[in-house]
Each structure stands twice: as structure tokens, then as C-alpha cells.
Number of protein chains: 2
Amino acid sequence: MVAAATRQQIVEAADRLFYERGFEATSFADIAGTVGLSRGNFYYHFKTKDELLDAVITHRLLKTRSMLDGWEAKAEAPDERILSFVNLLIVNQTKIMAHGCPVGTLCGELAKLDHIAKSRAAELFDLFRHWLSRQFRAFGREAEADALAMHILMRSQGVATLAAAYCDEIFVRNEVENMRAWLAAQRPGTPVFPETHSQQHS
Amino acid sequence: MVAAATRQQIVEAADRLFYERGFEATSFADIAGTVGLSRGNFYYHFKTKDELLDAVITHRLLKTRSMLDGWEAKAEAPDERILSFVNLLIVNQTKIMAHGCPVGTLCGELAKLDHIAKSRAAELFDLFRHWLSRQFRAFGREAEADALAMHILMRSQGVATLAAAYCDEIFVRNEVENMRAWLAAQRPGTPVFPETHSQQHS
DNA sequence: TAGGTATTAGGACAATTGACCTAGAAGCGT
DNA sequence: ACGCTTCTAGGTCAATTGTCCTAATACCTA
């Protein structure tokens with residue numbers, strides 16, 4: 001097999017395992033077992049674990065950028081695009097309830113480890129942040145675009161954390177509904193509109 | 001020294017290190033070095049690392065319960081009590097920006113490790129959840145009390161996660177202000193009141 | 001002070017980790 | 001078929017992990 005393909009397999013396996021088990025808890029042996037390679041052979045593709053982590057983050061950055069570009073290419077209204085982001089909580093519900101948000105948990109782990117790659121992992125947040133900011137600007141909330149982007153990013157992180165702690169999909173649906181209502185209330189020129197709270201939660 | 005005192009020292013050192021570095025990344029040697037004990041002596045106090053984790057969680061449950069009881073003992077209005085919870089984000093800002101929320105990050109790590117103690121760590125969330133729920137009931141939002149409690153818990157988790165990723169205290173202050181406004185809007189019988197968004201965020 | 005219990009230090013243990021080396025297999029252009 | 005580069009398997013290495021044992025010390029009671 002050509003090196004680039006093997007490398008890609010390794011990165012994708014590491015991507016999944018870093019998400020499911022965490023960076024530190026995933027060993028080279030785990031990834032080797034998944035890919036079907038010998039342990040020792042890793043050194044040919046990645047000199048250190050940090051180098052592998054860097055490749056995984058780069059891979060995630062590319063995947064994320066391409067997803068966001070895809071959403072932006074669609075001829076949708078900006079608020080509908082923002083809803084695409086919110087809907088990630090529903091689309092990836094099962095994984096999120098099991099392992100949290102891939103971005104949030106990675107940044108959290110790297111923060112605790114005081115790892116050099118922490119700032120690079122935070123670029124994943126930046127991708128969402130600036131994309132959301134752009135949508136809010138197009139939405140007509142130029143001045144507050146970044147704060148609104150941070151707000152919705154914050155909410156999705158909070159939902160993901162509690163979803164993983166409680167494994168409660170009704171809560172997730174409920175809060176996604178709240179985010180939709182909140183977003184509707186952000187339309188500029190809309191008369192005052194209180195944030196509603198659906199109460200289907202058990 | 002009496003065993004109970006040493007045990008307490010160990011638990012408190014482990015509590016801090018588990019928070020700052022994470023459960024897995026903290027070794028017995030780290031804790032021993034902090035407390036000033038020999039590594040081997042640990043086995044006398046805790047047979048396994050899981051037993052130590054359990055003691056740490058128990059310790060956190062007691063600390064948290066006592067904090068919440070203290071807030072509830074004060075003759076305050078329920079919404080002011082809820083603000084005490086929100087203010088934790090300000091009071092512990094430095095630590096949160098460095099290591100995230102102690103509860104959220106522990107639950108997240110244990111979820112990834114598929115650890116038996118995960119549900120016990122989630123009891124920490126339950127403590128806050130039920131306490132907040134009680135305040136919202138006293139606030140006159142009987143029917144939606146639990147959903148409102150989960151909502152504010154979710155927000156504090158989201159703020160903590162992004163605070164750790166961005167180390168941005170303006171963001172924290174901004175979102176705390178938003179939570180205050182949101183809370184004011186939850187007063188029953190209050191005319192519609194839109195969630196405001198302060199825009200001091202850089 | 002004597003005797004027994006409670007507590008400690010220091011080290012041994014196997015297992016696992018990331019890192020690294022080397023011999024050789026596989027692939028490819030000539 | 002040749003030679004050269006690319007790639008791989010298996011193993012070694014020191015360090016660190018949680019666990020566990022044992023001899024010695026500290027402490028308290030009688």
C-alpha cells in the first residue's frame with residue numbers, strides 16, 4: 001500500500017479513537033490494531049504522538065471547513081444555515097450522548113494536559129465561530145455578530161456536555177427547540193419575543 | 001499522623017489534581033509527591049485508583065451539598081439564589097479558564113473511559129439540577145422548574161467549555177450578563193422580555 | 001516501660017507506554 | 001532481471017503505570 005493511503009487510514013482511525021476514548025487513553029497499539037498494522041511501523045508514518053495529533057486536528061479542520069463551505073454554498077437564508085449548525089446536535093445525537101462534542105472534549109483534554117496543540121484544536125472552534133459570525137452578519141446583526149456566534153456555540157457546547165452526562169435525548173430535543181426559538185427572536189426588527197421553553201422534558 | 005487525616009489530605013490533593021490535570025493523567029506518584037508521602041504507602045489508604053476516585057467524588061458531593069445548603073439557608077429570593085449559582089462562573093473564572101468546570105470535565109472524561117464511576121460523577125450535576133429546580137419552583141415556575149434548571153446548567157457548562165478554550169473573560173462576563181437578563185425574563189407574569197445581548201465582546 | 005496496633009517507607013512486580021532500530025519484503029522504473 | 005526507493009514486521013528500550021509486599025517506625029494502651 002502506498003504511504004499516503006496508509007497515513008490516511010491511520011489518521012482516520014486516530015480521529016475516531018481520539019474522539020471515542022480521548023487522546024491520552026488511545027495508544028499507538030489501539031490504532032495499529034484498528035488499522036491492521038504492526039506497532040513498530042508507526043514510526044515510519046508519524047515520528048511522535050504529537051505529530052499524529054497534529055495530523056488529526058488538520059484532518060478535522062479540513063472536514064469541518066468542507067462541511068461549512070457546503071452549507072454556505074446552498075442558497076439558504078442565513079438563519080436556515082445557522083439551523084444547520086444547531087441541527088448537528090440532533091444528527092450526531094447518539095455519538096454526542098456517548099462521547100460529547102468532538103471539538104469541546106478535545107480542547108478540554110488538551111487544556112488539562114497543558115498541551116501545545118491546544119490552541120490548534122481551538123481553531124476548530126474558530127471555524128464554527130467565524131462561520132456563524134458571518135451568518136449573523138448576513139442575518140442583519142452586523143454589530144453583535146461575533147457575540148451571537150459565541151452565544152450559540154456556547155449553547156451547543158452546554159447541550160453536548162449535559163447530553164453526555166445524562167444521555168437524555170428529550171433534553172437535547174428540548175434545548176434545540178429553545179435554540180430555534182431564540183434564533184427566531186434574533187431577527188432584527190422583530191417585536192420583543194421571549195425565549196420560550198418547551199416542557200416535554202421528563 | 002492518624003489515618004483519617006492522611007486520608008483526607010490524599011483526597012484533597014487528588015481532588016485538586018484530578019481537576020487540574022484530569023483523572024487518568026494524574027498518577028499516584030503525583031499525589032504522593034503533593035502530600036509528601038511515599039508511593040507505596042498509598043495502598044494502605046486506598047486499595048485501587050478507582051477507590052480513590054470514589055472518595056474524591058464523595059468529597060465533592062459533600063462540598064457541593066454544603067455550598068448549596070448554605071445558599072439555601074440565606075433568606076434570599078429564589079432568583080437571587082440562582083444568581084449565586086450563575087456567579088460561580090465569575091468567582092471561579094481563573095480556574096475555569098485554565099481547567100474548565102470540575103463537574104463537566106470529570107463527567108466527560110469518565111464518559112470517554114467508559115468508567116463505572118461516571119454515573120456517580122453525574123450525581124454532582126444532579127445536586128445542582130435539583131437545587132436549581134427547587135429554586136425555580138419557589139420562583140413560581142412549578143411546571144417548568146426542571147427544564148429551566150437544565151437550561152441554566154447547560155448554559156454554565158457551555159460558558160465553562162468556551163472559557164477554557166478561549167481564555168476570554170470578556171466572553172464570560174458577557175454571557176453571565178445574558179443569563180441574568182434571561183433569568184429576569186423568567187419571572188412569571190412578567191411581560192414579554194427579549195433576551196438581551198451585551199456586546200462588549202471584543 | 002513493655003507489647004501490640006496503626007502507620008509508614010522503600011522497593012518489587014508485571015504490564016503498558018511512546019520511541020526507536022534494523023532486517024527484509026514489496027513495488028517500480030530501467 | 002536488476003537495483004533502488006518505499007514500506008513493513010517484529011523486536012528492543014527505558015520510563016512509567018497501578019498494584020502489592022515486607023520490614024521498620026510511630027503511637028498508644030496497659
Would you list the pairs meeting side chain to side chain donor-acceptor pair (under 3.5 Å) in which at least one residue belongs to residues 89-110 of chain A, sequence neighbours left out? A:T105-B:K112

Taking C-beta and beyond as the side chain, do [X] and [Y] meet within less than 4.5 Å on heavy atoms?
X      : Y      : value
A:M179 : A:L183 : no
A:F28  : A:L37  : no
B:L83  : B:E76  : no

Strictly below 4.0 Å, heavy-atom distances to any atom of DNA chain D: list the hits from residues 41-55 of chain B, or just say none.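 Heavy-atom contacts with DNA chain D come from B:Y43, B:T48, B:K49.
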
What parts of residues 10-38 of chain B reach DNA chain D, counting only heavy atoms under 4.0 Å away? B:T26, B:S27, B:F28

Looking at A:E72 and A:R134, does any basic side-chain N land under 4.0 Å from a carboxylate oxygen?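 So A:E72 pairs with A:R134 through a salt bridge.
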
Can you check whether B:W131's main-chain N or O pairs, donor with acceptor, with B:Q135's side chain at less than 3.5 Å? yes

Going by the rule salt bridge (charged side-chain N to carboxylate O under 4.0 Å, His left out), which residues pair with A:D114 if we only count those two or more places apart in sequence or in a different chain? none

Under the salt bridge (charged side-chain N to carboxylate O under 4.0 Å, His left out) test, which residues partner B:K63, sequence neighbours left out? B:D15

Would you say the side chains of B:S84 and B:N87 form a donor-acceptor pair under 3.5 Å? no

Name every residue in residues 108-121 of chain B that has at least one heavy atom under 4.0 Å from any atom of DNA chain C, in order of residue number, or write none if there are no such residues.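 Output list: empty, so none.
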
Which of these passes side chain to side chain contact (heavy atoms under 4.5 Å, CB included) with A:L132: A:D146, A:L148, A:I152? A:I152

